[in-house]
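Right, one structure below, let's go through it.
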Amino acid sequence: MSNVRVRFAPSPTGSLHIGGARTALFNWLFARHNNGAFVLRIDDTDTERSTETSYQEILSAMKWLGIDWDEGPEKGGEYGPYLQSQRMEIYRQAVAKLLSEEKAYLCYCTVEELAERRKKAQAEGKPPMYDRRCRYLTPEDRNKLEQEGRQPVVRMAIPDSGTTTVHDLIRGDVTFENNTIDDFIIVKSNGMPTYNFATVIDDYLMKITHLIRAEEHLSNTPKQILVYEALGYSLPKFAHVPMILAPNRSKLSKRHGATSVEEYKEQGFLPEAILNYLSLLGWSPEGEEEILPLDKIIKDFSLERVSKNAAIYDTKKLTWINGHYLREADPDRITKLALPFLQAKGLIPNPLPDEDYNRVQNIILAVRERVKTLEEIADAASYFFKEIEEYDPKGVRKQFSKIETADLLDEARNYLTELSEFNAKTTEEAYRKLSEDKGIKTGQLFHPTRLAISGRTMGPGLFDIMELLGKETVLKRLEKASKWIRENN
RNA sequence: GGCCCGUUGGUCAAGAGGUUAAGACACAAGCCUUUCACGCUUGUAACGGGGGUUCGAUUCCCCCACGGGUCACCA
C-alpha cells in the first residue's frame with residue numbers, strides 16, 4: 001500500500017448523480033492505480049438538508065457501481081468517525097485555536113442584516129462581500145451584542161493583501177488576490193462547521209494526499225488553503241477535474257432527464273457500462289480502444305491525461321457501451337438482471353417458477369443481441385409472453401396486403417402441423433421445403449410469418465422464435481394472422 | 001457585476017511549432033443476413049475571432065467574444 005490517500009465526500013442531500021459518481025470514480029481509480037486508499041466520508045454538516053434516505057441512496061449507488069471504499073461508513077478505519085456530524089469535538093478544538101490566535105473572530109450579524117447589506121452592495125455594483133464590521137469588536141461590544149440575544153457565527157480573518165496560489169495538478173498554478181476573498185463563515189450560529197472549514201480539518205486529519213474534485217471547487221480552494229495555513233497544516237495536492245454538463249451546457253439538474261445513478265439502473269444500464277463511459281468523460285486512455293475493462297482503466301489511469309475542459313454527457317454513447325456489455329455479459333447474470341424488468345411489465349410471474357427459468361433465459365439471450373438496455377430486453381421480448389395486440393403497421397402494408405398470403409400461411413401451418421419434433425432446425429427445413437415446393441423465394445414466406453407470429457418485422461432468427469414460442473402458439477398465431485388478412489383485404 | 005477556469009467536427013476526444021488534424025459515439029451509404037441487430041468497409045463533418053512571436057502556428061503570448069464555475073449561517 002502506497003501512501004496515496006484520496007477521498008470522496010458527498011453531502012447526503014440528494015442521490016448520487018452522474019457528476020458525483022464521476023468524481024468518486026476518478027478518486028477511486030487514482031487510489032487503485034497507485035495502490036493507495038480510497039476513503040468515503042459523509043459531509044453532513046448541513047443539518048437542514050441532510051437526510052438518512054440520501055445517505056442510504058449514496059451508499060447503495062456506490063456499491064452498485066462497484067466503487068468500494070477502504071475506510072468509511074460501515075467499514076470503519078483508523079481515522080474515523082467518517083461522518084462529519086460525529087466529529088464536532090474535533091472542529092471545536094480547531095475553532096478555539098483559531099479564535100485564541102485571532103485568526104478567526106465572532107460575528108454577530110444576523111442572516112437578515114447580511115442579506116440586506118448584500119443586496120445593497122449588489123445594487124451599488126460593489127462585490128457582495130462581508131464588510132468585516134465585527135472583525136475588530138471589543139469585549140464590551142461583544143457583551144452588548146450577546147445581551148441582545150444574538151448567536152454569533154465564527155468567521156475567518158482573511159489577510160487583506162497578498163495572494164493565495166493553488167498548485168493544481170491539472171490546471172497549473174491558479175492565483176487569487178486575497179482581497180477578493182470573503183471573511184467566510186467557518187462555524188454557523190447553530191454550532192455546525194461549514195464545508196470550507198470542516199473539509200480542511202478532516203482532509204488533513206485523515207491524511208488525504210490528493211484532493212481530486214470537480215472544478216466547481218476551484219474557487220473555494222484559496223479559502224481552504226488559508227485555513228490550512230492558519231491551522232499550521234501541510235497542504236495536500238489539488239486536482240480539479242472538469243465538470244460534467246447537461247446537453248444544454250448547464251449544470252446537471254433534474255430537468256435534464258436522468259441524472260442519478262439510481263435512474264440509470266432503473267433504465268436497465270449496467271454498472272460496468274456506466275463506469276466505462278464515465279471514465280471517458282474528462283480522461284482518455286492512450287490507445288484507441290474505448291471499450292475498456294475496469295482493470296485496464298485502473299492500470300492506465302493517470303491525472304496527466306485528465307482534460308481541462310468541461311464535458312457534455314451524451315446518453316447515446318453510454319447506450320452504445322451498454323449494448324456492448326449487455327451482449328458480452330455472462331448469461332446467468334444477465335438473465336437475473338433482466339428478470340425484474342420483465343416482471344415489472346407483467347410479462348412473467350414474480351417469483352418465476354424454476355421450471356420456466358430455462359425458457360425465459362433463452363428468450364432473453366435471443367433478444368439481448370439486438371437491444372441496448374435491460375429495459376429494452378423486456379420490450380423486445382413481450383410477444384413471447386403475451387398475445388400479439390397489434391401487427392406492426394408498416395409490416396402489414398408490406399406483408400399482409402394480399403389475400404394470397406393468407407393461403408400461404410395456411411399452407412405453412414399444414415407443413416408445421418406435420419412436424420413431430422418442433423425446433424429451429426425442423427421448422428426451418430419445413431419452411432425451406434415449402435418455399436421450394438411452391439417455387440417462391442424464402443423471403444416471401446419468411447417475412448409474413450415473422451409478422452404473424454411476433455407482430456413485428458424485426459427480431460431474432462425466425463426459427464429461433466418458433467422454437468421459443470412452441471408449436472401450439474405458432475400454429476395458433478399463424479391461423480389468427482391468416483384470418484386477419486382475409487378480413488382486412 | 002468581481003474573481004477563476006475553459007474553447008479541436010453534433011457529442012466525447014487525440015494532438016505538445018512543420019501531421020493528409022487520430023479514434024469513438026451519432027449520422028449516411030454499402031457488404032453480410034430470412035428481418036433487425038452485431039460485425040466489416042466507406043463517407044459527411046472541426047482547430048471561436050483578431051493581433052503578435054516564428055521561416056512556419058491548432059499548438060506559445062496578448063486582446064476580444066462565447067461557454068462554464070464561484071462569490072450562502074449549501075456542500
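Letters A, B, ... are given to chains in the order of the sequence lines, protein chains preceding strands, and every chain is numbered from 1. Keep in mind the model is a prediction, meaning the values are calculated, not measured. These numbers come from the heavy atoms of this one structure, side chains and all, not from hydrogens, waters or symmetry mates.
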When the [atom1] atoms of [N] and [M] are considered, how many whole Å apart are they?
N: B/rU20; M: B/rA57; atom1: P; result: 16 Å
N: B/rC55; M: B/rG2; atom1: C1'; result: 43 Å
N: B/rG56; M: B/rG18; atom1: P; result: 14 Å
N: B/rU35; M: B/rU42; atom1: C1'; result: 24 Å
N: B/rA29; M: B/rA37; atom1: P; result: 12 Å
N: B/rC36; M: B/rA46; atom1: P; result: 32 Å
N: B/rU44; M: B/rC4; atom1: C1'; result: 38 Å
N: B/rC3; M: B/rG48; atom1: P; result: 25 Å

Give [X] one of three labels, base, sugar-phosphate or nothing, depending on what nucleic acid heavy atoms sit under 4.0 Å from its own.
X: A/G287; answer: nothing
X: A/T199; answer: nothing
X: A/R249; answer: sugar-phosphate
X: A/P460; answer: base
X: A/T449; answer: nothing
X: A/R118; answer: sugar-phosphate
X: A/H217; answer: base
X: A/V153; answer: base
X: A/D44; answer: nothing
X: A/G459; answer: base

Looking at the side chain of [X], which of [options] is the nearest nucleotide?
X: A/M243; options: B/rG69, B/rC73, B/rU70; result: B/rG69
X: A/K223; options: B/rC5, B/rC71, B/rG68; result: B/rC71
X: A/K317; options: B/rA26, B/rU70, B/rA24; result: B/rA24
X: A/S307; options: B/rU70, B/rU34, B/rA14; result: B/rA14
X: A/R171; options: B/rG6, B/rC73, B/rA24; result: B/rG6
X: A/R49; options: B/rA24, B/rA72, B/rG69; result: B/rA72
X: A/R432; options: B/rA75, B/rU34, B/rC5; result: B/rU34
X: A/K372; options: B/rC25, B/rU34, B/rA37; result: B/rA37
X: A/S219; options: B/rC36, B/rC12, B/rU70; result: B/rU70
X: A/K316; options: B/rC12, B/rC25, B/rA37; result: B/rC25

field: Within the 6.0 Å centroid threshold, strictly below: A/F30 and A/F38
entry: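 No; A/F38 has its ring centre 6.0 Å or more from that of A/F30.
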
message: Any carboxylate oxygen within less than 4.0 angstrom of a Lys/Arg side-chain nitrogen, looking at A/R150 and A/E148?
response: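 A salt bridge links A/R150 with A/E148.
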
- prompt: Any Lys/Arg nitrogen of A/R432 or A/E428 sitting under 4.0 Å from an Asp/Glu carboxylate oxygen of the other?
  reply: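 Between A/E428 and A/R432 there is a salt bridge, with a charged N closer than 4.0 Å to a carboxylate O.
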
field: Toward the 5' end of RNA chain B, by each residue's nearest nucleotide, A/G461 or A/F176
entry: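 Nearer the 5' end of the strand: A/F176.
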
query: If you pin A/I312 and A/L462 to their nearest nucleotides in RNA chain B, which one's is more 5'?
result: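 Going by which nucleotide is closer to the 5' end, it is A/I312.
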
query: What's the shortest heavy-atom distance between A/I58 and A/L16, and which atoms?
result: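 In this case the closest contact between A/I58 and A/L16 is CG1-N, 4.0 Å.
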
- prompt: How far apart are the closest heavy atoms of A/K308 and A/P242, and which atoms are they?
  reply: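 Closest heavy-atom pair between A/K308 and A/P242: O-CB, 3.8 Å.
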
Can you tell me whether the side chain of [X] and the base of [N] have a donor-acceptor pair closer than 3.5 Å?
X: A/E290; N: B/rG23; value: yes
X: A/S11; N: B/rC74; value: no
X: A/D314; N: B/rA26; value: no

task: Measure from NZ or CZ of A/K223 to the centre of the six-membered ring of A/F184 and say whether it is under 6.0 Å with the direction within 45° of the ring axis.
output: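 That pair qualifies as a cation-pi contact.
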
Distance in angstrom units between [X] [atom1] and [N] [atom2], rounded:
X: A/K398; N: B/rU34; atom1: NZ; atom2: P; value: 15 Å
X: A/L434; N: B/rU34; atom1: CG; atom2: P; value: 17 Å
X: A/L245; N: B/rG69; atom1: CG; atom2: C1'; value: 9 Å
X: A/R450; N: B/rU33; atom1: CZ; atom2: P; value: 15 Å
X: A/E113; N: B/rA72; atom1: CD; atom2: P; value: 16 Å
X: A/L281; N: B/rA13; atom1: CG; atom2: P; value: 6 Å
X: A/E288; N: B/rC25; atom1: CD; atom2: C1'; value: 15 Å
X: A/Y325; N: B/rC25; atom1: OH; atom2: C1'; value: 15 Å

Given [N], is OP1 or OP2 found less than 4.0 Å from the side-chain N or O atoms of [X]?
X: A/K188; N: B/rC74; answer: yes
X: A/S284; N: B/rA14; answer: yes
X: A/N309; N: B/rC12; answer: no
X: A/R305; N: B/rG15; answer: yes

- prompt: Partner of B/rG43 by Watson-Crick or G-U wobble geometry, both contacts under 3.5 Å, or none?
  reply: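 Because both required distances fall under 3.5 Å, B/rG43 counts as paired with B/rC27.
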
Who pairs with B/rA57 - Watson-Crick or G-U, where each distance is under 3.5 Å: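 The answer is none; no pair meets the criterion.
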
task: Kindly indicate, with the supporting measurements, whether the criterion salt bridge (charged side-chain N to carboxylate O under 4.0 Å, His left out) is fulfilled by A/R133 and A/E113.
output: CA-CA 12 Å; A/R133 66 172 64 189; A/E113 289 167 346; over 6 Å; no

query: For A/H240, does its backbone N or O pair with a side-chain atom of A/R171 as donor and acceptor, under 3.5 Å?
result: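 Side chain of A/R171 to backbone of A/H240, a donor-acceptor pair under 3.5 Å: yes, one is there.
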
- request: For salt bridge (charged side-chain N to carboxylate O under 4.0 Å, His left out), just list the numbers for A/D300 and A/R305, CA-CA rounded to whole Å, side-chain angles, deciding distance to a tenth of an Å, and then say yes or no.
  value: CA-CA 10 Å; A/D300 293 353; A/R305 293 192 68 84; over 6 Å; no

